[in-house]
There are 2 protein chains.
Amino acid sequence: MDHSSPTDKSPHKDKPPRQSSTQQGTPRQNMGISAYAWLKQDIICGVYQPGEKLLMSRLKERYALGISPLREALSQLVSEHLVVAISQRGYRVAPMSIEELADIYDARSQLEAMLVQLAIERGDDTWEAEILAKAHTLAKVAEVHGADEMLDIWDRRHQAFHSALVAGCGSRQLLIARESLFDQAARYRHLWLCQTVFSDRALAAKRQEHADLVDAILARDAKRAGDLTRDHIMTPVPIITDLMHARGLV
Amino acid sequence: MDHSSPTDKSPHKDKPPRQSSTQQGTPRQNMGISAYAWLKQDIICGVYQPGEKLLMSRLKERYALGISPLREALSQLVSEHLVVAISQRGYRVAPMSIEELADIYDARSQLEAMLVQLAIERGDDTWEAEILAKAHTLAKVAEVHGADEMLDIWDRRHQAFHSALVAGCGSRQLLIARESLFDQAARYRHLWLCQTVFSDRALAAKRQEHADLVDAILARDAKRAGDLTRDHIMTPVPIITDLMHARGLV
DNA sequence: CATATTAAAAATATAGATATTTTAATCTTT
DNA sequence: AAAGATTAAAATATCTATATTTTTAATATG
């Protein structure tokens, strides 16, 4: 990935990363929203450790901003549970734990399974077509790319594939809830991604799961699609658990 | 209710309303969080109209605060979709629409049904006992109270009852998602509450639905409990739709 | 030597000031 | 008189400064 290492806390100069679709109708170019995007990205990628104190002086220096837009950004991240605010003691990166990992992934698996089942019930032809399109694109990720690029491309297409599966559910609000859970999972997921994308075995297993899932969905087999979705989403949990122990994140 | 009328924009002097459990581990007494709670309450109760511009000068006066804590509060409300921010044009109350109403209630009904089914699968004896307790308390709301008090008590017990139903689901994250959807529904729900609580017919109908729901749940009939939950949550939608047309909120 | 106490330093929360942008009002020009 | 340009007023976004609170360090006390 193209991000600074944890020790490099020099200020950003590029544009902020594209914000998730959760923050829909807010295409403002102020510093507040940039700070939000930068901070979120940095927290997700582990530039800051879980529980780490977010010193205003440091943030000011790193992002070359005043206190006001930073506090606004942090307030939003508090709402998203990526940051916690303590009375007169400033902000900290939200802690991570095995318990939270299990909770978030359980919630994701249940919600996503429901969305898939709703989509089976409500989805139209365009929805089906998009699934096939994204499945194809994902299957065709060749390993001719560099390491970072490979990870990036696979992840993007993988997300696009899963988004296509649930797109037919017809509920804007449930998709937003899904995004929100995904954002909270991002830090845990980041650990898993690196482990998985470079393992041919793991990648092949995923490929098979995706194929089965597409089968069940196109056959409109709600029961089976739900079960497969839950299993598919829960598979990373033991892997991430091990990684967290190994890296002393718990 | 004990809130100011839409035209009364005098500053608050009391303590801010208790924040929802979504904002769990943040019991700080700063002005930022007070502003958040006050603003949220005022938006939900209709002190500000949907789409209304939130002038900084007005907010400063009304809440007797500086710009900084107000912007922090507004940033959080943007995350919760109760307020929208527009580039260099400040903040507005999020608009309301029939489409959003339908979307939010559909999402709530699906999510809540899933939570009830999960609770049936995972809930223990304490969960069952709490359901009976809250159902009893709700059924015993006597009409000996004043109008506002009656509405307040019934609403509180009604919420407690429904919370008890889903409490057994075992997923902290899904309960948070539920709270979030509930907060978004609050403005619409507020319209419905007044209409319902003072209609004996409506109240009796609700009572029956609740009794059926408890039956199905204690019988661990997941299918039926899910269906009843979806229906129960969707019933206010046509009523609110009519009210919105009547009051020109659309 | 551990535990209070106190003083100094650092950090936060918020108000106030300022530059920039938007909105409105006025004045041209066709 | 309508459309566009110009100017003035208002509002926003952000920085800087300050009061308050917390943290750290140093010193005294049992």
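Numbered from 1 within each chain, the chains take letters A, B, ... in sequence-line order.
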- Query: Short question: side chain of B:Ser75, backbone of B:Arg71 - any donor-acceptor pair under 3.5 Å?
  - Reply: yes

- Item | Nearest-angstrom distance from the residue atom CG of B:Asn30 to C1' of C:dT12 | 9 Å

- Item | Member of B:Leu55, B:Leu65, B:Leu70 meeting the side-chain contact (heavy atoms from CB on, under 4.5 Å) criterion with B:Lys60 | B:Leu70

- Item | Length of the line joining B:Arg92:CZ and D:dA11:C1', which is rounded to integer Å | 12 Å

- Query: Using the C1' atoms of five pairs at each end, what's the angle between the two axes of the helix from C:dC1-D:dG30 to C:dT30-D:dA1, to 10 degrees?
  - Reply: 10°

- Message: Restricting to side-chain hydrogen bond (donor to acceptor under 3.5 Å, both in side chains), what partner residues turn up for B:Gln184, sequence neighbours left out?
- Response: A:Gln173

- Return yes if some donor-acceptor pair links the side-chain N/O of B:Glu52 with the main-chain N/O of B:Gln49 below 3.5 Å, else return no. yes

- May I have the distance from B:Met56 (atom CE) to C:dA15 (atom C1'), rounded to whole angstrom? 14 Å

Interface polar pairs with nucleotides 15-23 of chain D, N/O, under 3.5 angstrom:
unit_1, atom_1, unit_2, atom_2, d
D:dC15, OP1, A:Gly66, N, 3.3
D:dC15, OP2, A:Gly66, N, 2.6
D:dC15, N4, A:Ser68, OG, 2.9

- Expressed in angstrom and rounded to an integer, what is the separation of A:Glu72 atom CD from C:dT14 atom P? 14 Å

- Note on the structure: note: B:Leu59, atom CG; D:dT12, atom C1'; distance rounded to Å ~ 13 Å

- Rounding to a whole Å, what distance do you find between B:Leu55:CG and C:dT22:P? 16 Å

- Message: Measure CD/B:Glu61 against P/C:dA15 and give the value in whole Å, please.
- Response: 15 Å

- Task: Among the candidates C:dT12, C:dA13, D:dA13, find the nucleotide nearest to the side-chain atoms of A:Arg71.
- Result: C:dA13

- Query: If you look only at pairs with a residue in residues 97-111 of chain B, which of them pass as a salt bridge (charged side-chain N to carboxylate O under 4.0 Å, His left out), with sequence neighbours excluded?
  - Reply: A:Arg122-B:Asp106

- Message: Please enumerate all residues that pass side-chain hydrogen bond (donor to acceptor under 3.5 Å, both in side chains) together with B:Ser68, with sequence neighbours excluded.
- Response: none

- Which nucleotide in the set D:dT12, C:dA13, D:dA13 lies at the smallest distance from any side-chain heavy atom of A:Tyr91? C:dA13

- Whole angstrom is fine here: how far is it from CG in A:Leu70 over to P in C:dA13? 13 Å

Side-chain donor-acceptor distances from residues 240-247 of chain A under 3.5 Å, at least two apart:
unit_1, atom_1, unit_2, atom_2, d
A:Thr241, OG1, A:Val237, O, 2.7
A:His245, ND1, A:Thr241, O, 3.3

- A:Leu165 vs A:Lys134 side-chain heavy atoms within contact, under 4.5 Å: no

- Exactly one of A:Val84, A:Val83, A:Leu54 clears side-chain contact (heavy atoms from CB on, under 4.5 Å) with A:Arg92, and that residue is A:Val84

